Amino acid sequence: MKTISTDRIVIIGAGLGALYAALKLAPRPVVMISPETLGEGASSAWAQGGVAAAMDASDSPDNHARDTVNAGAGTVDPAVADLVTREARDYILDLTTLGTPFDRTKDGGYVLSREAAHSFARVVRVKGDQAGAEIMAALIDQVRKTPSIQVLEGTMAVELETTDDRVTGVAIQDASDARSAPVMLRGSAVLLAGGGSGGLYALTTNPPRIRGQVIGMAARAGALIADAEFVQFHPTAMDVGEDPAPLATEALRGEGAVLINKDGERFMQALHPDAELAPRDVVARGIFAQSQMGNRPMLDTREVLGEAIKEQFPAVAEACARNGIDPAIEPIPVAAAAHYHMGGIATDMQGRATLEGLWVCGEASSTGLHGANRLASNGLLEALVYARICAEGIAQTVPTGKAAPINIRFEGGGTPPAETAVTDLRTTMTSLVGVVRNAPGLREALRRIAALETAHGDSPSFLNMCATATLIAAGALSRKESRGAHERSDFPDALDGPGQRSQVYLPQALALRAQVCKDMT
Ligand SMILES: Cc1cc2nc3c(=O)[nH]c(=O)nc-3n(C[C@H](O)[C@H](O)[C@H](O)COP(=O)(O)OP(=O)(O)OC[C@H]3O[C@@H](n4cnc5c(N)ncnc54)[C@H](O)[C@@H]3O)c2cc1C
């Protein structure tokens, strides 16, 4: 394989975590591996709700930490919740300085939305539902103006190179559909900020590139993975036949929108005292049950917002218009869709993975903040906090200095994943590793993933997806309880005592998969 050595820090991904880390590393030279043009392909740009931060004088980081711990169903690391929530306000101020036009009150304060399981209105927002797009636009503008940051658009990572459990390089290739032969890039440190894995599911709110590839890549290189089975399903993805499914932000329910079924019944009141504002996992299961019964769940914004939805929630209104729905006069059909991966590459409080020389931030990581169920709008906050922590950690090991720009000419053919195989994998995940799981379904999922991997293992991207899918399904099979977003119909209760986070290396998950396959033959 062709090798390029550089004094630049290699950042994999170009979402919020990657951009913020690159800015915090300046003037240290960085190269960012971005599959798409900056701003495209990242979940960050699609975030609608905003960033959670205790900005109100009557609120406090302690309240925010407590809500985070409560939402996580017994598996949040309280020290991490404390760390992240304590600093939240500073990040909002920093994003403001960097140019984010947060919605402001007449007296100059921040407009705060209320979201499920938050005890206060504490989600800062931009132009209603434009938080992700606007924050990303502000940071991209800064990144483009920062000479120490080189962005390689149209490139993606496929493999980590390790020597004695130390990461020494990253194999990258042309990210176009044709791919290219990989090139080994050896930099001064590696930061993974490649996002989560929602797109491994057929029904998802995540952009198409977000398919667990970076988590799988790290697992294949030997990194420890934590909480893989904890996948959050968003209750109100629009059920309009689009892939990915557009999101009807939770802030709509915060405004008072209600969930009804085809008979006009509000079904959440019978399931939780907070009804539509119950924790996300509870609402997702309520919606899923209605879908399974053929009751066509819908989000009704008519009474509470009427025509105002078009101005206050432009992204939702646009998705409705695209699909011939007028939310001012008709309810929006919804379904529970894979949205956020609480699990990922296990990191310590310095953002370090178990492999030397490897840092991770954002949704690819599992820091212990989210437990079994992420509190809404803590995702962007975690990406910001750990991007800064990783940048500081890397800065301690990498001297300042200049580095020449990297020039890569990709050549030859690579092996892109077969579309049919990806479709089969995603359908398997939604139907067998989805909102409600059980042992026979999870075993069948592992069998199918193994068969797909055997048939299509010549594509490294697909191997990375299969690794993450295996980790999720094996983790779900091993966790014989229901906890947070992980619901087992054959183990409906949580185990007694404090919840346990899960930790696994890929070979252990593969051994379980092999055993399942053997038992099924
Ligand atoms: C529709 C939607 C709405 C959301 N709303 C909110 C919200 O309101 N508040 C909140 O806190 N959170 C929200 N989230 C979650 C939040 O957006 C994410 O958790 C967060 O943006 C993750 O940031 P990130 O930088 O880790 O990953 P991302 O922003 O997903 O970026 C990942 C980057 O990695 C790149 N990448 C992927 N694979 C590779 C590869 N193999 N090689 C190189 N690069 C790769 C991608 O192209 C992308 O650039 C939402 C998510 C979605 C999908």
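Since we're looking at a predicted model, the values are computed, not measured. Every number for a ligand or one of its atoms is a count from 1 in the order of the listing.
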Assess whether a salt bridge exists between R186 and E161, defined as any Lys/Arg side-chain N lying under 4.0 Å from an Asp/Glu carboxylate O. yes

With a 4.0 Å cut-off on N to O distance, would you call R209 and E40 a salt bridge? no

Sub-4.0 Å heavy-atom contact, [X] with ligand 1:
{"X": "G132", "result": "no"}
{"X": "R374", "result": "yes"}
{"X": "S34", "result": "no"}
{"X": "A131", "result": "no"}
{"X": "N206", "result": "yes"}

Just checking, any donor-acceptor pair under 3.5 angstrom between side chains of [X] and [Y]?
{"X": "R280", "Y": "N373", "value": "no"}
{"X": "Q232", "Y": "D281", "value": "no"}
{"X": "H370", "Y": "E382", "value": "yes"}
{"X": "S34", "Y": "E153", "value": "no"}
{"X": "T68", "Y": "N378", "value": "yes"}
{"X": "D67", "Y": "S119", "value": "yes"}
{"X": "Y91", "Y": "E87", "value": "yes"}
{"X": "Q213", "Y": "T468", "value": "no"}

Which atoms of ligand 1 have any heavy atom of A193 under 4.0 Å away? 32 (C), 33 (C), 34 (O)

Show which atoms of ligand 1 fall inside a sub-4.0 Å distance from at least one heavy-atom site of Q48. 5 (N), 8 (O)

R426 to Y201, cation-pi by 6.0 Å centre distance and 45° axis angle: no

Is R388 close enough and on-axis enough to Y20, meaning under 6.0 Å and within 45°, for cation-pi? no

[X] and ligand 1 - part of the residue with a heavy-atom distance under 4.0 Å:
{"X": "S43", "result": "both"}
{"X": "T205", "result": "both"}
{"X": "N378", "result": "backbone"}
{"X": "R211", "result": "neither"}
{"X": "E40", "result": "neither"}

Which heavy atom of the protein is the closest neighbour of [atom], given with residue, atom name and distance?
{"atom": "atom 25 (O) of ligand 1", "value": "G17 N, 3.0 Å"}
{"atom": "atom 41 (N) of ligand 1", "value": "A157 O, 3.0 Å"}
{"atom": "atom 24 (P) of ligand 1", "value": "S44 OG, 3.9 Å"}
{"atom": "atom 49 (O) of ligand 1", "value": "A14 N, 3.0 Å"}
{"atom": "atom 37 (C) of ligand 1", "value": "G194 O, 3.4 Å"}
{"atom": "atom 18 (C) of ligand 1", "value": "E363 OE1, 3.3 Å"}
{"atom": "atom 39 (C) of ligand 1", "value": "V214 CG2, 3.8 Å"}
{"atom": "atom 6 (C) of ligand 1", "value": "A47 CB, 3.4 Å"}

Taking the six-membered ring for Trp, is the centroid-to-centroid distance between H234 and Y340 below 6.0 Å? no

The one among G195, A18, S113 that brings a heavy atom closest to atom 27 (O) of ligand 1: G195

